[in-house]
J.: 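Pasting in a structure now, in structure tokens, and then I'll have a few things to ask.
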Amino acid sequence: MSRDYLGRLASPVETAEIKKNERNMATEGPAVRRVQVADHPRLLKLKEMFNSKFGSVPKFYVRAPGRVNIIGEHIDYCGYSVLPMAVEQDMLIAVEPVKTHVLQLANTNPLYPDFSTSANNIQIDKTKPLWHNYFLCGFKGIQEHFGLSDLTGMNCLVDGNIPPSSGLSSSSALVCCAGLVTLTVLGMNLSKVELAEICTKSEHYIGTEGGGMDQSISFLAEEGTAKLIEFSPLRATDVKLPSGAVFVIANSCVEMNKAATSHFNIRVMECRLAAKLLAKHKCLPWEEVLRLEEVQAKLEVSLEEMLLITEGTLHSEPYSPEEICRCLGISLQELKTQILSPNTQDVLTFKLYQRAKHVYSEAARVLQFKKICEEAPDNTVQLLGELMNQSHMSCRDMYECSCPELDQLVDICRKFGAQGSRLTGAGWGGCTVSIVPADKLSSFLANVHEAYYQRSNRSLVPEKQSLFATKPGGGALVFLEA
């Protein structure tokens, strides 16, 4: 008999439904739709721009959505479940396979220059997270999955309307889109789960040690429902959001590129080191442990107990590399070459206690959020809002991934009617997500727009002034012209 996400024994009916959903995800590929391009202004405009650029017409189009993570920040790469939904904004690529072995990439945004390279000699520069490198990640991931060495070329025109470096996963959407483009050109099939796992691994080519949430929701999203995304094995469960509330995204207008800074990878390494020290303290085989979830699984204890173990094991003062080496009984050279990633080898201090406390408490909040959505008490919106507020506080104080602008925006959102508001995405900039009672939406939007965007002296680029209500959108798919 199966257990649900809280460890409760599921009924036979529930078990059958869980297994059916997992079978569908494990076997079904992204949808393919035939459309009249003339009936879709964005597709038509992209087709015309493609013709102008390449002197031919696309054979097909691929879209992959961005996402907003409602709750569960910085815990996917620690092995824990997250709760995102796809947004309407997406990456859209027009594609024409060609007989040469040249990959020609162009972008409708003039800020992103054209790029071309041999399809059989993909080089990804980790030191420069240029836009085309994200496409190359998806392309290379599919190429290596099938062990192919003689790939056909293609002409691609990319059109994205996800604000860049905003925490809405524009980079991963491009990786996923490119992976599905490559798969379609090859005429091969993979399930949504396989595509998500390949694209998660392939985004590491750019140097970002992410955990898989962004790629998973881009492929596994369904219209009208958020998803609880679980890992090892990858699976997604519907989460019905309350009908009396709206989720609103607000862009702080502070950009943060995960691949261009070391903040993100330092947090990944701090969590890895915390997991190893906790495992060593509990006499577990710490050398094998990479993620905080593995420590909990091996000890077979609750998240609440893991918080107590963290309190009793790790100290709140930062750890030096030398102290970590003493705790683990290894040399500095072994720490740098066997545990740390290349861009974290020169870090002088690691905050292990704070990072582990955030991860275990945030993992518990995700499960509480899903439980409240299922039980739907009268004060559902208030309870969910409280969890979101706690999440932001933990991100700000324990994980230190907020920034003054995000904190100000969160305060403004709460002041004008949000029951809860928090940063979403990696942080250090990007967007907030707020839960707002539906009857307060229009006054909320007007007041937040005036208080954050109009009253400030920031020179804000108009398209970055993203403030919009969103609802769960669908996942990646292929369009063929009817």
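Below, all heavy atoms of this structure are taken into account, side chains as well, without hydrogens, waters or symmetry copies. When a residue number appears, it is its place in the shown sequence, counting from 1.
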J.: Is the gap between the ring centers of Phe50 and Tyr61 under 6.0 Å?
T.: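 So the answer is no for these two rings.
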
J.: Could you check if a side-chain atom of Met269 sits within less than 4.5 angstrom of a side-chain atom of Ser341, using non-hydrogen atoms only?
T.: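 Heavy-atom side-chain distance check passes, below 4.5 Å.
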
J.: Is the closest basic N to carboxylate O distance between Asp407 and Arg396 below 4.0 Å?
T.: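 No, this pair does not count.
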
J.: Is the shortest distance from a Lys or Arg side-chain nitrogen in Lys357 or Glu311 to a carboxylate oxygen in the other one below 4.0 Å?
T.: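 A salt bridge is present here (some side-chain N lies under 4.0 Å from a carboxylate O).
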
J.: Between Tyr452 and Phe416, is there a side-chain heavy-atom distance shorter than 4.5 Å?
T.: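 No, side chains not in contact.
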
J.: According to the interplanar angle, ranging from 0 to 90°, do the rings of Tyr360 and Tyr80 count as parallel (below 30°), tilted (30 to 60°) or perpendicular (above 60°)?
T.: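 Aromatic pair Tyr360/Tyr80 classed perpendicular.
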
J.: Could you give me the CA-CA distance, side-chain angles and deciding distance for Arg422 and Asn389, then say whether side chain to side chain donor-acceptor pair (under 3.5 Å) is met?
T.: CA-CA 6 Å; Arg422 57 178 294 276; Asn389 289 337; over 6 Å; no

J.: Quick check: closest heavy atoms across Ala451 and Ile412, and the distance to 0.1 Å?
T.: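 Smallest heavy-atom distance, with atoms named: CB-CG2, 3.8 Å.
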
J.: Using side-chain hydrogen bond (donor to acceptor under 3.5 Å, both in side chains) as the criterion, list what pairs up with Asn133, not counting sequence neighbours.
T.: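 For Asn133, no residue satisfies side-chain hydrogen bond (donor to acceptor under 3.5 Å, both in side chains) once neighbours in sequence are set aside.
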
J.: Is a side-chain donor or acceptor of Tyr353 paired with a backbone partner of Thr310 at a separation under 3.5 angstrom?
T.: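 Flag not set: sc Tyr353 to bb Thr310 has no pair under 3.5 Å.
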
J.: side-chain contact (heavy atoms from CB on, under 4.5 Å) for Val82 and Glu73? Distances and angles first, verdict last.
T.: CA-CA 7 Å; Val82 290; Glu73 221 59 75; over 6 Å; no

J.: Looking at SG of Cys403 and NE2 of His263, how far apart are the two atoms once the value is rounded to the nearest 0.5 Å?
T.: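 If we round to the nearest 0.5 Å, Cys403:SG and His263:NE2 are 10.0 Å apart.
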
J.: Sub-3.5 Å donor-acceptor pair from the side chain of Glu294 to the main-chain atoms of Leu290, do we have one?
T.: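 Between the backbone of Leu290 and the side chain of Glu294 there is a qualifying donor-acceptor contact (under 3.5 Å).
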
J.: Do Cys156 and Val181 have side chains that approach each other closer than 4.5 Å (heavy atoms only, starting at C-beta)?
T.: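 A side-chain contact exists here, since the closest heavy-atom pair is under 4.5 Å.
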
J.: Tell me if a side-chain donor or acceptor on Arg355 pairs with a main-chain N or O of Met398 at a distance below 3.5 Å.
T.: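 Yes, because the side chain of Arg355 sits within donor-acceptor range (under 3.5 Å) of the backbone of Met398.
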
J.: Between Arg42 and Asp90, does at least one N-O distance fall below 4.0 Å, as a salt bridge requires?
T.: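 Between Asp90 and Arg42 there is a salt bridge, with a charged N closer than 4.0 Å to a carboxylate O.
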
J.: If you take all heavy atoms of Leu228 and Ser81, which pair is closest and at what distance?
T.: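 That closest heavy-atom pairing would be CD1-CB, 3.8 Å.
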
J.: Could you give me the CA-CA distance, side-chain angles and deciding distance for Glu481 and Lys47, then say whether salt bridge (Lys or Arg N to Asp or Glu O under 4.0 Å) is met?
T.: CA-CA 11 Å; Glu481 190 160 4; Lys47 180 180 179 180; 3.0 Å; yes

J.: Just so I know, are the side chains of Ile124 and Lys140 near enough to count as touching, which here means a heavy-atom distance under 4.5 Å?
T.: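 In contact.
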
J.: Of all residues at least two apart in sequence or in a different chain, which pass the ring pair (Phe, Tyr, Trp, His ring centres under 6.0 Å) check with Tyr399?
T.: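 Ring pair (Phe, Tyr, Trp, His ring centres under 6.0 Å) list for Tyr399, sorted by chain: His74, His358.
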
J.: Under the ring-ring contact (aromatic ring centres under 6.0 Å, His included) definition, can you give me all pairs with a residue in residues 205-250, not counting sequence neighbours?
T.: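 Output for this query is empty, none listed.
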
J.: Can you confirm whether Asp378 is buried at CG, in the sense that more than 12 heavy atoms of other residues, nucleotides or ligands lie under 6.0 Å from that atom?
T.: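 Open.
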
J.: Tell me if a side-chain donor or acceptor on Arg63 pairs with a main-chain N or O of Gly475 at a distance below 3.5 Å.
T.: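 Checked: pair present.
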
J.: Looking at Glu222 and Lys227, is there a salt bridge between them, counting it only when a charged N and a carboxylate O are closer than 4.0 Å?
T.: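 Salt bridge present between Lys227 and Glu222.
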
J.: Would you tell me whether Glu362 and Ser391 have side-chain atoms, one donor and one acceptor, within less than 3.5 Å of each other?
T.: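 There is such a pair (donor and acceptor under 3.5 Å, judged by atom type) between the side chains of Glu362 and Ser391.
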
J.: Let me confirm one number: the CG-CD1 distance from Leu384 to Ile70, rounded to the nearest 0.5 Å.
T.: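 Taking CG in Leu384 and CD1 in Ile70, the distance rounds to 9.0 Å.
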
J.: Is a donor on one side and an acceptor on the other found under 3.5 Å between the side chain of His392 and the backbone of Leu423?
T.: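 Flag set: sc His392 to bb Leu423 pair under 3.5 Å.
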
J.: Report yes or no: does Arg267 contribute a side-chain atom to a donor-acceptor pair with the main-chain N or O of Ser262 at less than 3.5 Å?
T.: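 Such a contact is absent between Arg267 side chain and Ser262 backbone.
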
J.: Any non-hydrogen side-chain atom of Thr182 less than 4.5 Å from a side-chain atom of Phe146?
T.: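 No - every pair of side-chain heavy atoms lies 4.5 Å or more apart.
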
J.: Can you establish whether the number of heavy atoms outside Lys201 located under 6.0 Å from its atom NZ is more than 12?
T.: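 Atom NZ in Lys201 is not crowded, with 12 or fewer foreign heavy atoms closer than 6.0 Å.
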
J.: To the nearest 0.5 angstrom, please state how far the CE atom of Met91 sits from the OH atom of Tyr134.
T.: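 Interatomic distance, Met91 CE to Tyr134 OH, rounded to 0.5 Å: 10.5 Å.
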
J.: Is it true that Glu400 and Lys351 have a side-chain N and a carboxylate O under 4.0 angstrom from each other?
T.: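 So Glu400 pairs with Lys351 through a salt bridge.
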
J.: Are there more than 12 heavy atoms of other residues, nucleotides or ligands under 6.0 Å from atom CD of Glu88?
T.: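 It does not: Glu88 CD has 12 such atoms or fewer within range.
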
J.: Pairing donors with acceptors under 3.5 angstrom, does anything connect the side chains of Gln390 and Glu386?
T.: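 On atom types as modelled, these side chains do not qualify, holding no pair under 3.5 Å.
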
J.: To the nearest 0.5 Å, how far apart are CG in Asp76 and CG in Asp214?
T.: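 Answer rounded to 0.5 Å: 7.0 Å.
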
J.: When you compare the side chain of Val433 with that of Met388, does any pair of heavy atoms fall below 4.5 Å?
T.: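 Answer yes - side chains close enough.
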
J.: Side-chain contact, heavy-atom cut-off 4.5 Å: Glu203 with Gln215?
T.: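 Of all side-chain heavy-atom pairs linking Gln215 with Glu203, at least one is under 4.5 Å.
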
J.: For residues Thr200 and Glu197, is any side-chain donor paired with an opposing acceptor at under 3.5 Å?
T.: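 On atom types as modelled, these side chains do not qualify, holding no pair under 3.5 Å.
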
J.: Measure the OG-CG distance between Ser170 and Asn161 for me, rounded to the nearest 0.5 Å.
T.: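 The distance works out to 10.5 Å.
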
J.: Between Glu374 and Lys371 (salt bridge meaning N to carboxylate O under 4.0 Å), is one present in this structure?
T.: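 Answer for the salt bridge query: no.
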
J.: What are the two closest heavy atoms between Asn251 and Pro163, and how far apart are they?
T.: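 Scanning both residues completely, I find the closest heavy atoms to be ND2-CB, 3.9 Å.
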
J.: At what distance, to the nearest 0.5 angstrom, does CD of Gln419 lie from CG of Asn379?
T.: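 Here the interatomic distance stands at 9.5 Å.
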
J.: For the side chain of Asp159 and the backbone of Ile93, is there at least one donor-acceptor N/O pair under 3.5 Å apart?
T.: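 Between the backbone of Ile93 and the side chain of Asp159 there is no qualifying donor-acceptor contact (under 3.5 Å).
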
J.: Please tell me if the side chains of Leu383 and Pro377 come closer than 4.5 Å, counting only heavy atoms from C-beta onward.
T.: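 Of all side-chain heavy-atom pairs linking Pro377 with Leu383, at least one is under 4.5 Å.
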
